[in-house]
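One structure below.
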There are 2 protein chains.
Amino acid sequence: MTLKTKENYLKAMYMLAEEEGVISLSGLGKRLGVSKPTVNSMVKQFQHEGWVEYQKYKPIELTSQGKKEAALVIRRHRLVEMFLVEKMEFGWEEVHDIAEEMEHVEAEILFDRMNDMLGNPAFDPHGSPIPDKNGNVLSRPYLSLSEMRRGDRVVVKALRDDNKEFLDYLNGRHIRLEVEMLVEQIETFDKSMTISIEKEPSLNLSKEVCDRLLVERL
Amino acid sequence: MTLKTKENYLKAMYMLAEEEGVISLSGLGKRLGVSKPTVNSMVKQFQHEGWVEYQKYKPIELTSQGKKEAALVIRRHRLVEMFLVEKMEFGWEEVHDIAEEMEHVEAEILFDRMNDMLGNPAFDPHGSPIPDKNGNVLSRPYLSLSEMRRGDRVVVKALRDDNKEFLDYLNGRHIRLEVEMLVEQIETFDKSMTISIEKEPSLNLSKEVCDRLLVERL
DNA sequence: ATATAAAGTTAGATTAGTCTAACAATTTTA
DNA sequence: TAAAATTGTTAGACTAATCTAACTTTATAT
């Protein structure tokens, strides 16, 4: 199996486990853009390599080895994103696709140097934690903005999504990490929120947007 | 055909044409570490794509399209090398292998940004010219140190090789680009040279080393 | 509880890039 | 110039990663 294939499958499995709680064949297929039979045969190979635990018709589980290797791919991805934003003046909406390519570069020393130049950063430009060199990750106790109530004051800490369209939307409304917001109103019928940011006009954010904003209560 | 394969073959062909004047099937095979039948079948595909001109038993020739695409791969390689040395404090002996990986990253914008941060550099850390965005390259009128005569004063301008062992050897003797040398002696029997660098003890350089040092007469 | 939908599986085919073995053409050298 | 060496070609096989078609198992929904 090629390294890139291995890395892409492991990363997808790791993220599915995080996001959906479970790794299904079809979820993995959709995520990777491949058919179910393809995933099925690949998963058997991953099991053979000791990266997943798998039984017919049961959900897939990453072994600790698999988790670690996946976390190291994610480490490279997030370090690259941070490097691009901090050292090369890219916007947070530009870096995902570049990092997607660079995470597969076989040059440990390059990522170590990025890490050093960035001072061993704990989070990427979207607020996601950067796993350490052993594949250990800080868990984030953040809540989604949609769980807040009227009158809550919060700080934006991370995003659930680093999709370019979403980031462009946030840029257009001056929503960045560490921005402070006040929840002014919540519409009961569509769950949209009216929020205000210091020195800016109030904004209405749809449920979809609120779900994707991870915040800390002040 | 995958992009990486295409890029590796084109680059190898381009460099062979430069170094040997001709692109042979076996030369290409050796360079790429693949068998002759493999090269043979790939070259047919390259011809079909319009990147090479080829007839049975004749040497391979790159079309202008092929040359341009090859030069753009080399551009990325050399830009990366320059970026690593100038912006990330790598040594000139460390960057080849990393650049070999990074040249295949599909992110035009990344290389453009490197180019901007470096001020559109004309040469890489080993003195090789960086092709421009159209694939045009400056030709270098440098001579090899081994062509010099006793008493000549020269400046080191580039290297014929960026092999790590060679660069480590040069590092150990404080030979860098722009260093000035005086040819003190040439041994007739093995063509080795005794040269001196300002404020350093005299050095004896073998023919192999002299061949690889490209200089300009003062 | 059964029909329908969704998820998973199997079989068999395909493509890219590679190989070895055997042979043919060309070039070099004695 | 003939033998030897090198270079190039053909045929046929292999592996990784993918697909579609057909089928089975499990989950969901009236």
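So that the names make sense, note that chain A is the first sequence line, chain B the second, and so on, each numbered from 1.
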Could you pull out all residues at least two apart from B/H96 that satisfy ring-ring contact (aromatic ring centres under 6.0 Å, His included)?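 ring-ring contact (aromatic ring centres under 6.0 Å, His included) check on B/H96 returns B/H77.
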
Salt-bridged, [X] to [Y], with N to O below 4.0 Å?
X	Y	answer
A/E103	A/R75	no
B/D97	B/K164	no
B/E108	B/K133	yes
A/E7	A/R76	yes

Check the distance between [N]'s [atom2] and [X]'s [atom1] and give it to me in whole angstrom.
X	N	atom1	atom2	value
B/Q55	C/dA25	CD	C1'	15 Å
A/I23	C/dA7	CD1	P	16 Å
B/K58	C/dA24	NZ	P	19 Å
B/K4	C/dT15	NZ	P	24 Å
B/L25	C/dA24	CG	C1'	14 Å
A/E20	C/dA7	CD	P	11 Å

For DNA chain C, determine which residues of residues 11-19 of chain B have any heavy atom closer than 4.0 angstrom to one of its atoms, and list them numerically.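 Heavy-atom cutoff 4.0 Å gives no residues at all.
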
Taking the six-membered ring of A/F90, is NZ or CZ of B/R113 closer than 6.0 Å to its centre and within 45° of its axis?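 Judged by the rule, B/R113 and A/F90 form a cation-pi pair.
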
Phosphate oxygens OP1/OP2 of D/dT9: is one of them under 4.0 Å from a side-chain N or O of B/Y54?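 For D/dT9, OP1 or OP2 has a side-chain N or O of B/Y54 closer than 4.0 Å.
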
At under 4.0 Å between heavy atoms, which parts of nucleotides 10-19 of chain D does protein reach? Answer with one letter per nucleotide, 5' to 3': B base, S sugar-phosphate only, - none. BB----SSBB

Return yes when atom CD of B/Q47 has more than 12 non-hydrogen atoms of other residues, nucleotides or ligands closer than 6.0 Å, and no otherwise.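 More than 12 within 6.0 Å, yes.
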
So does B/W92 get a backbone contact from the side chain of B/H126, meaning a donor-acceptor N/O pair under 3.5 Å?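 Yes: the side chain of B/H126 pairs with the backbone of B/W92.
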
